Amino acid sequence: MKITQIPMGAHNAQLTCYLQDPCTEMPALDRCPAILIFPGGAYAFCSDREADPVALAFLNAGYNAFVLRYSVSQNCPVEEVYTNAFAEAQEAMDYLHQNAGDLHIDPEQIAVVGFSAGGHLAASLGVFWNDPEIQALAKCSGEENKPNALVLCYPVIASVGKTHKGSIDILLAGLNGQMREAQQKRIALHLHVGAQTPPCFLMHTY
């Protein structure tokens, strides 16, 4: 196994890459499916228990695994957390596509798994990847920032009612009036599912 760390964005976000060792006896390892992992943590921190252990489980299953520790309120102004985290998620996805050969991954088999707030970030990629404004910010003109599949584990999805208040408070920090109302609708991701959304496995727990 080879482990490398790649900086992402401007707020010390980091992509940790767990790569299978190429082996002539197992040629399938030269082109593995990939999993990009977004830990949870209410956009306040990145949970260790939803990071490396998940990557190692997927590595054991034959994937090359990537953990993005994205911007959170511990290391970024709270009103900029979602913008920066989403930009870093797109940068990570683009990095996987652009470096698929060196990373020994199949660019047509890149799935994203997210837990809790990380599930919100993963779902954001799934529903907004082709938004013209998002694509311009990500400097993408095609599907470089599109996941092939989503695995959403007890994700934050709704922004009112039964939701995770801690995550939503950070996502709406500093907003009032019409701006807050517009953002509240924007981050309610079930309202934006459409033909552009990749296949999704959704799980919840109690």
Side-chain angles (χ1 to χ4, degrees), residues 1-9 13-39 50-70 85-115 118-153 155 157 189-190 192-203:
M1 177 177 63
K2 179 182 178 182
I3 302 175
T4 59
Q5 293 182 327
I6 309 295
M8 293 282 143
Q14 190 172 81
L15 182 70
T16 303
C17 311
Y18 297 81
L19 307 178
Q20 306 274 357
D21 291 319
C23 174
T24 55
E25 294 181 9
M26 296 181 284
L29 296 181
D30 287 337
R31 190 176 168 90
C32 300
I35 192 81
L36 176 59
I37 300 160
F38 300 152
E50 295 163 345
D52 299 342
V54 181
L56 294 174
F58 275 100
L59 192 78
N60 190 52
Y63 287 73
N64 280 344
F66 306 85
V67 175
L68 180 66
R69 286 181 168 84
Y70 49 88
F86 193 19
E88 293 151 6
Q90 293 175 86
E91 184 178 345
M93 180 61 65
D94 182 59
Y95 177 82
L96 298 189
H97 276 104
Q98 299 301 332
N99 296 277
D102 292 339
L103 297 170
H104 298 283
I105 62 175
D106 183 347
E108 301 301 320
Q109 294 190 62
I110 303 176
V112 176
V113 57
F115 299 82
H120 185 273
L121 188 56
S124 295
L125 262 185
V127 299
F128 292 137
W129 67 268
N130 68 338
D131 180 283
E133 183 178 341
I134 297 298
Q135 290 239 306
L137 290 172
K139 298 179 181 178
C140 294
S141 57
E143 297 188 354
E144 306 97 313
N145 61 334
K146 179 186 179 182
N148 297 104
L150 305 175
V151 180
L152 307 182
C153 307
I157 294 292
L189 301 179
H190 61 290
H192 306 286
V193 173
Q196 84 286 3
T197 309
C200 175
F201 178 83
L202 177 66
M203 70 171 238

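In this text the structure is predicted, and so the values were computed from the model without any measurement. Scope of the values below: all heavy atoms of this structure, side chains included, with no hydrogens, waters or symmetry mates.
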(message) Side chains of Met8 and Tyr70, heavy atoms from C-beta outward: is any pair under 4.5 Å?
(response) no
(request) Give the ring-plane orientation class for His192 versus Phe128, where under 30° counts as parallel, over 60° as perpendicular and anything between as tilted. (result) tilted
(request) Calculate, to the nearest 0.5 Å, the distance between atoms CD and CG belonging to Gln90 and Leu121 respectively. (result) 9.0 Å
(message) Using modelled atom types and a 3.5 Å cut-off, is there a donor and acceptor pairing between side-chain atoms of Glu91 and backbone atoms of Gly9?
(response) yes
(request) Using modelled atom types only, decide if a donor and an acceptor are shared between the side chain of Gln109 and the backbone of Cys32 within a distance under 3.5 Å. (result) no
(message) Using 0.5 Å steps for rounding, measure from the OG1 atom of Thr197 to the NE2 atom of His190.
(response) 13.0 Å
(request) Of all the heavy-atom pairs spanning Leu125 and Asn145, show the shortest one and how long it is. (result) CD2-O, 3.5 Å
(request) Please report the shortest heavy-atom distance between Pro39 and Ala51, naming the atom on each side. (result) CG-CB, 3.8 Å
(request) Working to the nearest 0.5 Å, report the span between CG of Leu59 and CG of Asn64. (result) 6.5 Å
(request) Indicate yes or no for a side-chain donor-acceptor contact from Gln135 to the backbone of Trp129 under 3.5 Å, with no hydrogens or angles considered. (result) yes
(request) Measure across Thr16 and Ile3 and return the closest heavy-atom pair with its distance rounded to 0.1 Å. (result) CG2-CG2, 3.9 Å
(request) Would you name the heavy atoms of Gly126 and Pro198 that are closest together and state the gap between them? (result) O-CD, 3.4 Å
(request) Measure the spacing between CZ of Phe66 and CD1 of Ile105 and express it to the nearest 0.5 Å. (result) 4.5 Å
(message) Measuring from atom CE of Met1 to atom SG of Cys17, what distance do you get when rounded to the nearest 0.5 angstrom?
(response) 12.0 Å
(request) Identify the heavy atoms of Pro155 and His120 that sit nearest to each other, and give their distance. (result) CB-N, 4.3 Å
(request) Output the distance between atom CD1 (Ile110) and atom CG (Asn148), rounded to the nearest 0.5 Å. (result) 6.0 Å
(request) Kindly state each residue pair satisfying salt bridge (Lys or Arg N to Asp or Glu O under 4.0 Å) with at least one member in residues 52-65, sequence neighbours excluded. (result) Asp52-Arg69
(request) Please answer whether the main-chain N or O of Asp106 pairs with a side-chain N or O of Glu108 as donor and acceptor at a distance below 3.5 Å. (result) no
